[in-house]
Every structure is written in C-alpha cells, then in structure tokens.
Amino acid sequence: MRDQRAFEKIWRVVARVPRGRVATYGQIARMAGLLNGARTVGWAMRALSEDRRIGGRRVPWHRVINAQGAISLRGGEDGGGAPRQAAALRREGITVLRGGRIDLGRYLWRGQRQRT
DNA sequence: CGTATGACGAGCC
DNA sequence: AGGCTCGCCATAC
C-alpha cells in the first residue's frame, strides 16, 4: 500500500484501542506517525462517520476523545454525535460524567509505545 | 497552487 | 477555572 492515506493509518491505530478504554486525538496522531496531527485525527474520524467501517473492519471511533478527557463532538444535532458516543462508551463500562467528561487516569489506553 | 476548514492541543490572559 | 489565539497536519475547493 504505497501512498497510503493518513486516514487509513489513523484508522488502523484507532482500531487498536481496546474495549473499555479511550485514547486522545493527540495520542492517536502520535502513534500514527504525526507529531501534532490531532486535528487530522479528528478529520479522519469525521470522514469515518460516514461509513464507520474500513475494509469490513469496525473502527471504534467512540473511544477517541480530546486531551481534556471529554467528548469533543460538537453539540450533536438531531441526537447524533456526542450523546451517541457517550452511550457507546458507557456500554463498554466507561463512566461518562456530565458534560461528556471521562477520567483519563482511569480509562486512558496505554499504548505499547508509551512506557510507564 | 493558494485559501479555508476542522471530532485538537498548548499557551496566555 | 474559563475563554481566546495561534500553531499543526491533511483534505476540499
């Protein structure tokens, strides 16, 4: 796969986030090889929402939140977006506080690249 | 090819 | 703590 689009790399990283755990945009970007591509990750997630799947593989986009430990989706219009992400996370056993905030210290995914 | 945009992030006030 | 601005990266037009 030459000239692989950045999105695909990002999706691949997101797909590695285990259930019941979350990752930040910046973290995903770094793992995908982008130093400061947090915004690009968001872009990839947005592009993904149209299909929600890549090559038949389901991408857990709902496990991606911002560095503040909160759901970043803008005010979901028509019930889409944030409420849906919060519901998906809770379904995995993650406690989503009011305002879509999540305790990173408790649910943040520790990628293999990150050492303790 | 230049400009605008965006599910971000860190810094400042 | 809350809000505003600038920076970064990859697409869309």
Side-chain angles (χ1 to χ4, degrees):
Chain A
M1 317 172 181
R2 60 180 183 294
D3 192 39
Q4 176 181 253
R5 294 195 176 231
F7 285 4
E8 190 174 334
K9 289 196 289 190
I10 292 171
W11 290 326
R12 186 185 278 174
V13 174
V14 174
R16 283 156 61 188
V17 180
R19 183 171 178 286
R21 207 119 272 189
V22 299
T24 67
Y25 292 95
Q27 181 182 6
I28 296 295
R30 198 171 44 192
M31 289 180 176
L34 301 172
L35 270 49
N36 296 353
R39 308 184 71 173
T40 302
V41 173
W43 202 264
M45 294 301 99
R46 181 154 126 42
L48 181 65
S49 9
E50 296 179 23
D51 288 297
R52 294 194 308 181
R53 74 176 61 181
I54 298 301
R57 181 200 263 294
R58 199 157 65 69
V59 181
W61 59 273
H62 56 278
R63 297 181 189 141
V64 184
I65 60 180
N66 62 29
Q68 300 168 47
I71 292 175
S72 206
L73 274 169
R74 297 205 180 176
E77 305 176 21
D78 308 342
R84 190 162 100 177
Q85 180 168 6
L89 291 174
R90 284 176 180 145
R91 194 172 51 199
E92 298 188 348
I94 295 176
T95 300
V96 181
L97 305 172
R98 178 87 174 177
R101 288 197 302 279
I102 298 166
D103 183 351
L104 287 181
R106 189 170 156 194
Y107 300 110
L108 182 63
W109 172 48
R110 318 249 163 186
Q112 305 165 4
R113 301 195 165 227
Q114 188 166 346
R115 28 182 150 39
T116 53

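First the proteins, then the strands, lettered A, B, ... as listed; each starts at 1.
- Listed nucleotides: B:dA7, B:dA10, C:dG7. Nearest to the side chain of A:Ala67: B:dA10.
- Taking every side-chain heavy atom of A:Leu34 into account, C:dC9 is the closest of C:dC9, C:dT11, B:dC8.
- Closest to the A:Arg46 side chain, of the nucleotides C:dT11, C:dC8, B:dG6, is B:dG6.
- We find the CZ-NE2 distance between A:Arg84 and A:His62 to be 10.5 Å, quoted to the nearest 0.5 Å.
- If you take CD on A:Gln27 and CG on A:Leu104, they are separated by 9.0 Å, rounding to the nearest 0.5 Å.
- At whole-Å resolution of the value, CZ in A:Arg5 and C1' in C:dA12 are 11 Å apart.
- If you take CH2 of A:Trp11 and P of C:dA10, they are 15 Å apart, rounded to a whole angstrom.
- Here the OG1-CZ distance, from A:Thr24 to A:Arg30, works out to 7.0 Å after rounding to the nearest 0.5 Å.
- The listed nucleotides are B:dG9, C:dC8, C:dA10; the one nearest the side chain of A:Tyr25 is B:dG9.
- Mapped onto DNA chain B by nearest heavy atom, A:Ile65 and A:Thr40 fall at different nucleotides, with A:Thr40 at the one closer to the 5' end.
- The separation between A:Arg30 atom CZ and B:dC8 atom C1' is 14 Å, rounded to whole Å.
- Atom CZ of A:Phe7 is separated from atom P of B:dA7 by 12 Å (rounded to the nearest Å).
- Rounded to a whole Å, the CE atom of A:Met45 is 22 Å from the P atom of B:dT5.
- Of all nucleotides listed (C:dC9, B:dG6, B:dG9), B:dG6 comes nearest to the side chain of A:Trp43.
- Between the side chain of A:Trp11 and the backbone N or O of A:Ala44, at least one donor-acceptor pair lies under 3.5 Å.
- Side-chain proximity of A:Ser72 to C:dA10, B:dG9, B:dA7: nearest is B:dA7.
- C:dA1 atom C1' lies 12 Å from atom CD of A:Gln68, rounded to whole Å.
- Rounded to an integer number of Å, the gap from CG of A:Asn36 to P of C:dC6 is 18 Å.
- Contact of A:Arg39 with C:dC8 (side chain to base): a donor-acceptor pair of N or O atoms is detected under 3.5 Å.
- Side-chain proximity of A:Asn66 to the nucleotides B:dA7, C:dT11, B:dG9 is greatest for B:dG9.
- A side-chain donor-acceptor contact under 3.5 Å links A:Gln85 to the backbone of A:Val64.
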